[in-house]
Amino acid sequence: MSLKNAVEDIRNGKLVLVYDFDDRERETDMTIASRFVTPDIIRTMRKDAGGLICTTTPYGIAKELGLPFMSDVFFDDSARYPLLRAMAPTDIPYDNTRSSFGLTINLRSTYTGITDRDRAMTITEYANTIFSDGTNEEKIAALGNKFRAPGHVHLLNTSEKILENRKGHTELTTALMIMAGVPPSATICEMMGDDGNAMNKDDVRKYALKNGYTFVEGGEIIDSWKGRK
């Protein structure tokens with residue numbers, strides 16, 4: 001039932017709370033479809049979640065538009081900067097794949113890029129651009145004209161086969177967008193506790209109940225995802 005509610009909430013532009021797994025990060029991410037992000041949503045993520053605010057891109061779109069994994073950018077430039085090769089993310093304790101981090105961006109029409117308004121504008125315009133009806137060449141040109149990098153919005157690229165070789169929040173939340181039938185970019189933020197660690201799952205459930213949010217676990221998303229095939 002929680003997954004059904006989560007899908008309906010995503011369609012209606014509401015925040016949803018997604019926990020991954022007890023044997024992975026053991027973290028909950030606050031998520032919403034990127035197309036529905038507003039300054040108030042960014043403020044809620046910043047104050048009530050407190051982690052890093054990121055925006056996902058499906059692998060196929062990232063590949064078509066030339067939106068790289070940052071680890072690839074570092075590796076390709078490691079001859080000039082050897083430290084980049086030495087710092088390759090090959091030892092992530094909860095993940096056997098490379099980091100999902102991509103570029104960081106600001107909308108050119110923003111000022112500093114970090115305010116709630118600036119980040120909301122960057123995220124919604126990014127989603128509108130990558131899911132527009134133009135050709136890939138037109139989208140690439142639009143991305144170059146509209147955005148500068150680096151910036152204050154962290155992009156995350158999904159793995160090639162969502163929820164097969166990687167089952168992180170990048171994939172879980174993007175799969176949730178696909179199941180909801182909205183343009184499949186999720187904006188996410190880890191929920192942190194007052195003790196400085198990830199918010200305890202029981203505390204997240206209490207927060208969800210108090211604030212009217214749906215809480216869903218990664219296993220529910222994966223089971224439903226497999227059932228779609």
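Computed from a prediction, not measured in an experiment: that's the story for all the values here.
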- Message: Any side-chain to backbone donor/acceptor pair from Asn211 onto Tyr213? Under 3.5 Å, distance only.
- Response: no

- Task: Just do the side chain to side chain contact (heavy atoms under 4.5 Å, CB included) check on Met191 and Tyr207 with the steps written out, would you?
- Result: CA-CA 10 Å; Met191 299 191 72; Tyr207 172 87; 3.6 Å; yes

- Give the cluster check for Leu65 versus Met70: same hydrophobic cluster or not, with ILVMFWY residues linked at side-chain heavy-atom distances below 4.5 Å. yes

- Item | Expected output: side-chain Asp20 to main-chain Gly218 donor-acceptor under 3.5 Å | no

- Message: Donor-acceptor pair, distance only, cut-off 3.5 Å: does the side chain of Asp118 make one with the backbone of Asn106?
- Response: no

- Item | Between Arg166 and Ser159: side-chain donor-acceptor atoms closer than 3.5 Å | no

- Message: Rounded to the nearest 0.5 Å, what separates atom OG in Ser224 from atom NZ in Lys4?
- Response: 12.0 Å

- Item | Donor-acceptor contact below 3.5 Å, side chain Ser34 vs main chain Ser185 | yes

- Could you walk me through whether Glu217 and Arg205 pass salt bridge (charged side-chain N to carboxylate O under 4.0 Å, His left out), step by step? CA-CA 11 Å; Glu217 298 205 31; Arg205 289 183 185 276; 2.8 Å; yes

- Establish whether Met87 and Phe74 are linked, either directly or via other cluster members, by ILVMFWY side-chain heavy-atom contacts under 4.5 Å. no

- Message: Determine whether Lys63 and Glu160 satisfy the following criterion, salt bridge (charged side-chain N to carboxylate O under 4.0 Å, His left out), listing intermediate values before the conclusion.
- Response: CA-CA 9 Å; Lys63 185 175 181 181; Glu160 183 172 4; 5.5 Å; no

- In short, Ala120 meets Pro39 closest at the heavy-atom pair CB-N, 3.5 Å

- Message: Show me the pairs that pass ring-ring contact (aromatic ring centres under 6.0 Å, His included) and involve residues 18-58, at least two apart or across chains.
- Response: none

- Message: Please tell me whether Ile222 and Met177 are part of a single hydrophobic cluster in this structure, the criterion being side-chain heavy atoms less than 4.5 Å apart.
- Response: yes

- Query: Do you know which of Thr56, Leu155, Thr170 makes side-chain contact (heavy atoms from CB on, under 4.5 Å) with Ser100?
  - Reply: Thr170

- Query: Could you go step by step and tell me if Thr129 and Phe147 meet the side chain to side chain contact (heavy atoms under 4.5 Å, CB included) rule?
  - Reply: CA-CA 10 Å; Thr129 301; Phe147 300 92; 4.1 Å; yes

- Task: Please confirm whether the backbone N or O of Gly144 pairs with a side-chain atom of Arg108, one donor and one acceptor, at under 3.5 Å?
- Result: yes

- Message: To the closest 0.5 Å, what do you measure between CE (Met179) and CD1 (Ile221)?
- Response: 5.5 Å

- Non-hydrogen side-chain atoms of His152 and Thr104 separated by less than 4.5 Å: no

